[in-house]
2 protein chains.
Amino acid sequence: MRDAINAGLQREIEREEGRVASAMRRALEAGGKRLRPIAVLLAGEAFRGEREQLLPYALAIEMVHTSSLILDDLPEMDDAEERRGQPALHRAVGEADAILAAFAMLARGFALAAQPAGGGRRQQELAQKLVLLLENAIGVRGMCEGQSRDLALDASHADLRSVEAIHRLKTGALFAAALEGGGRIGGAEDEALAALFLFGKNLGLAFQVRDDLLDWEGDAAVPALPLHGRPNFVALFGVEAAKEVVRDLHETARRALAPLGSRSAPLIDFATYLEVRES
Amino acid sequence: MRDAINAGLQREIEREEGRVASAMRRALEAGGKRLRPIAVLLAGEAFRGEREQLLPYALAIEMVHTSSLILDDLPEMDDAEERRGQPALHRAVGEADAILAAFAMLARGFALAAQPAGGGRRQQELAQKLVLLLENAIGVRGMCEGQSRDLALDASHADLRSVEAIHRLKTGALFAAALEGGGRIGGAEDEALAALFLFGKNLGLAFQVRDDLLDWEGDAAVPALPLHGRPNFVALFGVEAAKEVVRDLHETARRALAPLGSRSAPLIDFATYLEVRES
């Protein structure tokens with residue numbers, strides 16, 4: 001699946017020219033686990049989705065995700081030096097071009113969401129729904145708001161509730177949109193779509209907390225104190241509490257899939273893979 | 001028309017809550033001439049477009065435009081202190097929230113483009129086309145690339161051709177998308193759509209050169225030298241050459257409308273208004 005996604009991203013950018021295209025290419029070619037687009041394919045293929053139909057939306061989700069990483073890394077946000085083992089994009093091409101590349105990548109994400117393969121009536125209805133789903137996940141009610149709250153958080157007064165809310169917006173929302181969107185393209189019914197959304201939302205949050213745990217365990221001697229107000233679950237609430245949160249969220253995510261019956265198997269496997277991953 | 005647009009923008013943002021929504025509200029309420037959304041309404045109403053059908057796309061265009069102004073003003077781009085008579089957004093809410101508000105506003109622009117009023121088959125087909133039109137204008141082949149080239153331009157080696165190309169990408173592309181999109185919603189045929197696109201492209205470029213002339217005339221004692229490599233037509237090529245470029249572009253724009261016959265009257269009036277405006 002990852003190969004199909006990487007090949008698709010490659011096709012999208014190789015025909016573009018110019019300064020911004022070159023910055024986009026650099027960000028996309030730096031690699032990444034492509035978990036969110038894989039979630040799109042798994043959700044769609046659990047129903048009647050063909051790979052070819054699902055791919056544009058999977059690429060849309062990865063473009064939007066990558067664009068959000070470019071912003072996160074900016075000096076006025078997390079001020080990161082590296083991303084995916086490469087220099088952060090603004091360190092390679094300058095801040096202005098990094099911001100413009102993120103902007104253009106977000107725009108391309110929406111264009112991809114609007115063009116699920118095929119041009120029939122169902123595809124057009126889908127296009128409209130997928131664009132709205134994506135905006136809901138990424139915009140003023142989603143990732144952007146989560147990032148803003150994250151940066152503004154006073155770590156010394158953070159409580160579990162506000163930190164959870166931030167991660168739901170920052171990470172949960174896009175996972176949920178990946179799963180619901182994949183299901184929609186695959187022709188899932190309303191009950192299944194709600195189940196996929198809920199699964200994605202809880203899986204995304206679990207993913208984020210587990211990330212914090214991996215950061216911590218990777219460098220146990222240095223407490224992962226919150227930087228720039230970033231709400232790190234482990235630093236705030238301790239290793240044991242964080243592990244329990246991950247277990248609970250995975251349990252909730254799995255239970256959410258009950259309405260899918262045997263179709264849920266590949267999604268449960270995906271959740272297990274995320275729960276035990278080493279990086 | 002401006003009142004309908006302002007009321008529509010108001011409706012879009014008043015139901016949103018949070019930090020990013022508040023930054024978006026500030027940027028949108030700072031005012032603006034709303035020329036691009038007016039162009040959408042004029043183009044659509046020249047055909048069979050109803051105001052109510054046209055408004056979501058008009059708001060989409062203004063959201064996207066406003067988001068691009070927020071980016072332009074950032075310290076790493078034009079480093080502007082003011083915009084529309086108010087402090088630039090990043091000076092009011094900080095750089096991170098300004099960037100996030102621009103991002104969320106771009107996303108909302110795509111959501112608005114995807115929901116022209118009404119839910120019938122024609123509307124769904126339209127939604128798909130409008131999203132692609134917008135991405136073409138704003139993304140890697142449009143405004144983002146123009147802004148990147150603008151910032152990278154070595155003013156001492158700028159020639160008319162490269163400066164024109166930058167302004168076509170930065171300003172012409174969105175005007176063209178406003179006019180073509182309005183015409184599409186209004187049900188214009190292909191020949192008329194091509195005419196509207198060409199009209200918008202030339203009008204947008206003329207608008208930009210005239211802006212440079214207004215900047216110059218407003219402060220004649222201080223030559224408007226290019227700042228941060230910004231290609232100011234007047235500073236680079238002189239007042240007389242710039243005036244001639246404006247006249248030529250307006251002539252080309254008007255001629256492009258020939259296929260529209262008598263339907264072109266309100267658009268010609270709009271062009272005249274832009275050509276003689278004082279600010």
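Chain A is the first sequence line, chain B the second, and so forth, proteins listed ahead of strands; every chain is numbered from 1.
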Quick one: does [X]'s side chain have a donor or acceptor within less than 3.5 Å of a partner on [Y]'s backbone?
X	Y	value
B/Ser148	B/Cys144	no
B/Glu145	A/Val20	yes
A/Gln128	B/Ala114	yes
A/Gln53	A/Glu50	yes
A/Asp212	A/Phe233	yes

Region of B/Ile13 that comes under 4.5 Å of a non-hydrogen atom in chain A: neither
Chain A interface, residue from B/Leu71, B/Asn136, B/Leu133 that has the most non-hydrogen pairs under 4.5 Å: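 Option with the greatest count: B/Leu71.
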Option in B/Ser67, B/Ala101, B/Gly94, B/Gly142 with maximal non-hydrogen atom pairs under 4.5 Å from chain A: B/Ser67
Under 4.5 Å from a heavy atom of chain B, the part of A/Leu134 involved: neither
Heavy atoms of other groups near A/Gln10 CD, more than 12 under 6.0 Å: yes
Flag if over 12 foreign heavy atoms under 6.0 Å of CZ, A/Arg25: yes
Interface residues of residues 102-111 of chain B facing chain A - heavy atom cut-off under 4.5 Å: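 Only B/Ala102, B/Phe103, B/Ala104, B/Leu106, B/Ala107, B/Arg108, B/Phe110, B/Ala111 of residues 102-111 of chain B have a heavy atom under 4.5 Å from chain A.
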Heavy-atom closest contact (A/Arg48 atom, A/Gly187 atom, distance): NH2-O, 3.0 Å
Top contributor to chain B interface from A/Glu76, A/Lys129, A/Met143 [non-hydrogen pairs under 4.5 Å]: A/Glu76
